[in-house]
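The chains referred to below are lettered A, B, ... by the order of the sequence lines, with proteins before strands, and numbering in each begins at 1. Every value quoted in this text rests on a predicted model; they were computed, and no experiment measured them.
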Amino acid sequence: MSSSRCVRRGSIVALLLLATAGCTSQHDRLRQHQQKMQSLAATTRVVCESWLAGDVSGRYASTALRQTLQLLEQERAALVAAPKLLRTPDGARLSDAADSLERRLARLMDAVAQRDAASVRESVAKMPLLPAEDR
Amino acid sequence: MDLVRDLLDNAVVDRKGREMGRVDGIVLEIRDGAPPRVAAIEIAPGVLAHRVHPFFGRCMVAFGYVFHLRDPRPLVIPLGDRLQIGDRVKVDMDVGDTVAGEVEQRLRRWVRAVGGGA
Amino acid sequence: MSALVDLILGIVTSIGGFVEAGSISTAAEGGSQFGFELLWAIAAASVMLAMLIEMSGRLAAVSHRSLAAAVRERFGIDFQIVPLAAELIIDILLLAAEIGGAAIAVTLLTGVAFNWWLVPIALTVWLVLCAFGFSVIEYGVGLLGLVTLAFVLAAWRLQPDPHALLGGFAPSMAGHDRLHYAFLAVSILGATVSPYLLNFYSSGTIEEELPESKLWVNTVTGYVGMCFGGVVSMGVLATSAMVLRPQGILVDSYQQAALMLVPTFGTWGVTLFALSLGIGCFGAAVEIALNAGYLSAQVFGWSWGANKRRGDAARFTAAFTLVLLLGLALALTGFDPLRLTLLSVALTVVIMPLIVLPFLVLMNDEKYVKQHKSRTLGNAFLAALTLLGCLLAIIVIPLEVLGG
């Protein structure tokens with residue numbers, strides 16, 4: 001096979017692969033965002049419960065919650081960048097859940113900084129469970 | 001001797017066994033009515049860079065002038081008594097008398113100034 | 001020191017120095033998302049690394065040349081310029097990731113934002129490189145790194161289901177997120193079989209003046225050390241699978257991964273994770289920077305050696321200092337260390353064929369290995385790894401785009 005034909009075929013394969021990067025189904029993307037959101041909510045819960053149990057320091061809990069907030073911001077930015085997803089009922093619920101989690105994280109960070117265990121316990125107990133996802 | 005396999009890119013050491021660089025180039029003498037003869041070896045970043053691409057070779061020569069090196073031309077060592085070709089190439093010279101030695105001396109002053117010669 | 005002491009130290013430091021940012025991040029992410037299903041990838045990568053490390057050491061002990069020097073002599077600069085440039089770029093990326101990982105470890109302990117720790121950590125790496133000889137660097141890093149055995153202890157104490165654990169060693173395709181699974185499997189290979197490890201090990205063999213008569217020390221250290229080191233990585237994956245996955249946590253940050261040791265070690269959990277991450281990353285940063293110096297000096301024929309006074313190998317010192325500065329500069333730009341790690345391991349896979357192919361020639365060339373040539377199994381392994389490397393090099397970037 002001549003080298004120019006190889007280059008042409010290789011380019012076509014590369015272009016096809018790149019093109020499929022944009023073709024992940026809407027359902028799959030929504031599922032990925034949902035999994036990420038569930039993970040961030042679970043992280044928040046576990047960090048706070050570990051802090052309440054005395055298993056982790058306030059320093060670590062603050063660091064971990066701050067990092068979780070940053071990851072949540074990245075997820076929200078990814079959702080906002082996909083308006084088609086936001087127009088679906090599931091996408092809209094996910095966006096609302098992200099807003100709610102962000103406010104809760106901010107309150108939890110304050111409560112941990114002030115060592116207010118009661119507020120942390122109350123906030124964690126009220127955390128909504130996102131729809132379960134089979135893994 | 002296989003010039004490419006056994007000479008080109010081999011390590012070069014001075015009379016005290018100190019590293020001088022590598023054989024970056026080989027100079028052949030073309031003779032009328034006789035096969036080419038190895039005349040000398042070259043040691044220089046410019047020669048090495050030229051093998052990758054002539055543009056890089058010109059860049060390395062320019063760096064030499066920009067950094068005011070004493071003589072940025074390649075170190076050319078003729079084949080003869082001063083050169084011993086074995087596992088490494090041994091040259092009857094002192095690395096301090098070469099441009100590589102000059103660069104090493106300059107950097108040594110910096111290293112000792114910063115690190116106290118650690 | 002006697003051969004037995006050399007051997008024990010070699011194995012112990014191989015175990016302690018195995019885990020760093022790349023292996024922690026890929027194993028933690030793999031365990032949290034796919035349970036035990038990627039154990040086979042760690043096992044396979046560890047065996048590959050062990051075989052390549054043994055060959056690097058054998059080459060160095062017999063020929064008295066490091067891998068980089070042997071490649072320059074045998075293949076010339078025309079071939080070597082590509083893997084050399086690629087390896088230096090990957091070293092800079094890896095350095096940034098390791099410095100960042102160490103900084104995050106300090107943040108976990110102190111609460112102070114990790115950006116403040118980047119410069120002090122890089123400076124400490126440089127001071128260690130300038131002040132200490134090879135043995136102190138290698139053994140110090142390796143012995144301190146034994147703290148990473150906490151992952152193995154945690155995995156054992158969590159009492160994994162033996163059937164599920166053993167099932168993870170059988171290569172399989174995940175039932176969900178197959179592209180991401182494939183990407184992680186390839187990333188585990190890239191994180192484990194790092195090019196810098198091969199030249200670093202061969203350079204170390206020369207620094208320690210291992211004689212040809214003690215090649216058995218190299219063989220046992222390579223195989224036992226690397227395989228036991230792989231067990232530590234498996235400990236990270238298994239612990240993540242048993243602690244984080246059931247809680248629905250997908251590892252996207254080191255702060256999340258730190259939770260995996262809490263159920264086993266309680267109040268010591270986060271501290272042990274931070275120490276493991278910090279020491280592993282710090283040690284790796286020292287080795288990567290030192291290897292950048294080795295690489296440059298050996299390819300261009302400069303004086304080199306961690307056992308020499310730094311002023312007596314000034315260009316070698318300048319090379320590792322420059323690479324360290326560039327790694328620090330990249331870390332200071334604020335890129336997430338975890339993302340940098342995954343990018344660098346993907347690039348490692350891209351250049352893997354160029355790293356492995358020279359072994360196929362050198363390990364069969366009497367000029368370099370004399371009568372210690374590779375046997376049929378070794379050659380078959382190298383040929384298979386080169387072909388696999390070529391295939392993975394083509395698919396890894398699309399996998400990162402689609403499944404990363």
Side-chain angles (χ1 to χ4, degrees), chain B residues 1-14 16-26 41-53 56-57 60 75 86-89 91 95-96 98-118, chain C residues 62-66 68-82 84-85 123 126-133 136 206 293 296-322 324-325 361-362 365-368 370:
Chain B
M1 177 194 291
D2 183 323
L3 287 180
V4 170
R5 197 190 127 96
D6 298 326
L7 184 59
L8 190 62
D9 295 308
N10 264 26
V12 182
V13 296
D14 73 354
K16 290 180 185 170
R18 295 175 298 190
E19 290 95 338
M20 276 181 70
R22 289 186 175 274
V23 178
D24 296 320
I26 297 173
I41 62 169
E42 288 182 307
I43 305 173
V47 171
L48 183 68
H50 186 89
R51 283 167 59 192
V52 176
H53 194 280
F56 295 128
M60 287 308 301
L75 174 64
D87 192 43
R88 295 186 297 181
V89 177
V91 176
V95 67
T98 64
V99 171
E102 182 192 341
V103 171
E104 186 78 12
Q105 290 282 0
R106 284 198 199 178
L107 284 171
R108 187 172 300 156
R109 284 196 285 271
W110 276 78
V111 169
R112 286 189 175 152
V114 173
Chain C
V62 177
S63 70
H64 306 292
R65 290 164 173 81
S66 68
V71 171
R72 166 84 199 259
E73 284 182 27
R74 187 64 180 82
F75 294 89
I77 194 66
D78 314 72
F79 170 83
Q80 191 170 37
I81 191 67
V82 176
L84 173 67
L123 186 61
W126 186 76
L127 288 171
V128 166
L129 285 170
C130 289
F132 298 113
V136 172
I206 295 171
S296 310
Q298 289 156 5
V299 169
F300 299 120
W302 307 335
S303 177
W304 62 272
N307 291 331
K308 289 188 178 174
R309 287 168 61 89
R310 296 296 173 264
D312 293 342
R315 284 173 292 178
F316 162 73
T317 305
F320 72 63
T321 303
L322 178 62
L324 188 55
L325 278 172
V361 174
L362 292 168
D365 191 331
E366 271 183 20
K367 180 182 171 184
Y368 295 96
K370 297 181 192 167

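Distance check: R108(B) CZ to D312(C) CG gives 5.5 Å after rounding to the nearest 0.5 Å. In this structure, the separation between CZ on F75(C) and CZ on R5(B) is 10.5 Å, given to the nearest 0.5 Å. In this structure, D9(B) CG and R74(C) CZ are separated by 11.5 Å, a value rounded to the nearest 0.5 Å.
Crowding of F56(B) atom CZ: a count of heavy atoms from other residues, nucleotides or ligands under 6.0 Å not exceeding 12. Environment of CZ in R88(B): sparse, with no more than 12 heavy atoms of neighbouring residues, nucleotides or ligands closer than 6.0 Å.
In this structure, the portions of S303(C) lying under 4.5 Å from any heavy atom of chain B include both its backbone and its side chain. For R18(B), no part lies near chain C; criterion is any non-hydrogen pair under 4.5 Å. Contacts between V23(B) and chain C at a heavy-atom distance below 4.5 Å involve the backbone alone (N, CA, C, O). Within the 4.5 angstrom heavy-atom criterion, atoms from both the backbone and the side chain of A69(C) approach chain B. Only the side chain of I81(C) comes within contact range of chain B, with at least one heavy atom under 4.5 Å from a heavy atom of that chain. Interface residue L48(B): backbone and side-chain heavy atoms are both found under 4.5 Å from chain C. At a 4.5 Å heavy-atom cutoff, Q80(C) makes no contact with chain B through either its backbone or its side chain.
Your options are V299(C), T321(C), L127(C), and the one with the most heavy-atom pairs under 4.5 Å with chain B is V299(C).
Contact of the L107(B) side chain with the T317(C) side chain is not registered, since no non-hydrogen atoms from C-beta on lie closer than 4.5 Å.
The salt bridge (charged side-chain N to carboxylate O under 4.0 Å, His left out) check on D78(C) picks up R51(B), with sequence neighbours excluded. With sequence neighbours left out, the salt bridge (charged side-chain N to carboxylate O under 4.0 Å, His left out) criterion links E73(C) to R22(B), R65(C).
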